**Student:** 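Got a structure here, written out as structure tokens. Questions coming.
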Amino acid sequence: HVELVESGGGLVQAGGSLRLSCTASGRPFSNYAMGWFRQAPGKAWEFVAVINWSGARLQYADSVKGRFTMSRDRAKNTVYLQMNSLKVEDTAVYYCAAQEFGSGSNKPEYDYWGKGTQVTVSS
């Protein structure tokens, strides 16, 4: 079993930055792909970013390319999402997730989920 805990959310003005963290515990972490998803009020789940097990390959949603950067720190069992140039439409609950066998961008492919952290961007 893998436990995922997100942190770093908060309230920020449009154009500002936030750094989200997701710390994993439990079974071995290093071989899992890690993803970020978000869900805005009244909206469906949306893929944000994923990093594969080695960290060599990353994929971002078109809506965040050039603004968000994902990374992982194996020593700390933690992945990060650096969010710059935030927009009001980035407001959502952000969730981290772990995928054991791949590095896909679809929600059903993920095996473990955190409880989320709220990001609110004001104009």
Side-chain angles (χ1 to χ4, degrees):
H1 181 69
V2 174
E3 298 282 349
L4 304 174
V5 180
E6 305 97 334
S7 63
L11 176 65
V12 65
Q13 188 177 7
S17 298
L18 283 174
R19 186 196 192 199
L20 305 184
S21 299
C22 176
T23 298
S25 62
R27 295 182 178 178
F29 168 75
S30 62
N31 291 335
Y32 288 79
M34 298 295 297
W36 286 96
F37 291 77
R38 66 187 182 186
Q39 187 173 38
K43 301 293 182 64
W45 286 82
E46 180 184 10
F47 165 76
V48 176
V50 61
I51 189 167
N52 77 334
W53 69 271
S54 69
R57 185 173 71 251
L58 296 98
Q59 182 182 347
Y60 299 94
D62 289 340
S63 59
V64 306
K65 285 181 180 178
R67 300 188 298 120
F68 291 9
T69 302
M70 189 175 182
S71 61
R72 70 190 303 166
D73 186 333
R74 292 176 177 269
K76 296 181 178 180
N77 294 324
T78 300
V79 296
Y80 304 95
L81 185 68
Q82 178 66 46
M83 306 185 295
N84 298 325
S85 301
L86 282 162
K87 304 175 181 179
V88 172
E89 51 263 43
D90 293 318
T91 295
V93 177
Y94 283 71
Y95 299 85
C96 68
Q99 182 179 8
E100 184 174 2
F101 299 109
S103 57
S105 59
N106 297 317
K107 183 175 182 291
E109 297 174 321
Y110 286 80
D111 302 291
Y112 305 100
W113 292 84
K115 294 186 180 297
T117 185
Q118 177 71 51
V119 172
T120 302
V121 184
S122 62
S123 61

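Heavy atoms only: backbone and side chains are in, while hydrogens, waters and symmetry mates are out. As the structure is a computational prediction, the values presented were derived from the model and not from experiment.
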**Student:** Tell me the closest heavy-atom pair linking A33 and Y110, and the distance in Å.
**Tutor:** O-CE2, 4.5 Å
**Student:** What's the separation between atom CG in L81 and atom OG1 in T117, rounded to the nearest 0.5 Å?
**Tutor:** 11.0 Å
**Student:** Taking E6 for its side chain and C22 for its backbone only, find out whether a donor-acceptor pair lies under 3.5 Å.
**Tutor:** no
**Student:** Are M83 and L20 side-chain neighbours, meaning at least one heavy-atom pair lies under 4.5 Å?
**Tutor:** yes
**Student:** Between N106 and W45, is any pair of side-chain heavy atoms under 4.5 Å apart?
**Tutor:** no
**Student:** Looking at side-chain heavy atoms only, is the closest gap between Y32 and V79 below 4.5 Å?
**Tutor:** no
**Student:** Do T23 and K76 come close enough that some side-chain heavy atom pair is under 4.5 Å?
**Tutor:** no
**Student:** Between E109 and Q99 (side chain of the first, backbone of the second, donor and acceptor by atom type, cut-off under 3.5 Å), is there such a pair?
**Tutor:** no
**Student:** Linking I/L/V/M/F/W/Y whenever any side-chain heavy atoms sit under 4.5 Å apart, do M34 and Y112 land together?
**Tutor:** yes
**Student:** Measure the CD-OG distance between Q13 and S123 for me, rounded to the nearest 0.5 Å.
**Tutor:** 8.5 Å
**Student:** Of all the heavy-atom pairs spanning S17 and N84, show the shortest one and how long it is.
**Tutor:** OG-OD1, 2.8 Å
**Student:** Are Y60 and T69 close enough that some pair of their side-chain heavy atoms sits under 4.5 Å apart?
**Tutor:** yes
**Student:** Return the minimal non-hydrogen interatomic distance between V64 and V48, and the atom names on each side.
**Tutor:** CG2-O, 3.6 Å
**Student:** With no hydrogens and no angle check, is any side-chain donor or acceptor of N52 less than 3.5 Å from a backbone partner on R57?
**Tutor:** yes
**Student:** Please list every donor-acceptor pair under 3.5 Å in which a side-chain atom of residues 88-98 meets a protein atom from a residue at least two apart or in another chain.
**Tutor:**
| residue | atom | partner | partner atom | Å |
| --- | --- | --- | --- | --- |
| D90 | OD1 | R38 | NH1 | 2.9 |
| D90 | OD1 | R67 | NH2 | 3.1 |
| D90 | OD2 | R67 | NH1 | 2.7 |
| D90 | OD2 | R67 | NH2 | 3.4 |
| D90 | OD2 | K87 | N | 2.8 |
| T91 | OG1 | V88 | O | 2.9 |
| T91 | OG1 | V121 | N | 2.9 |
| T91 | OG1 | V121 | O | 3.4 |
| Y94 | OH | R38 | NH1 | 2.8 |
| Y94 | OH | D90 | O | 2.7 |

**Student:** With rounding to the nearest 0.5 angstrom, report the NZ to CG distance, K115 to L4.
**Tutor:** 11.0 Å
**Student:** Measure the CH2-CE distance between W36 and M70 for me, rounded to the nearest 0.5 Å.
**Tutor:** 7.0 Å
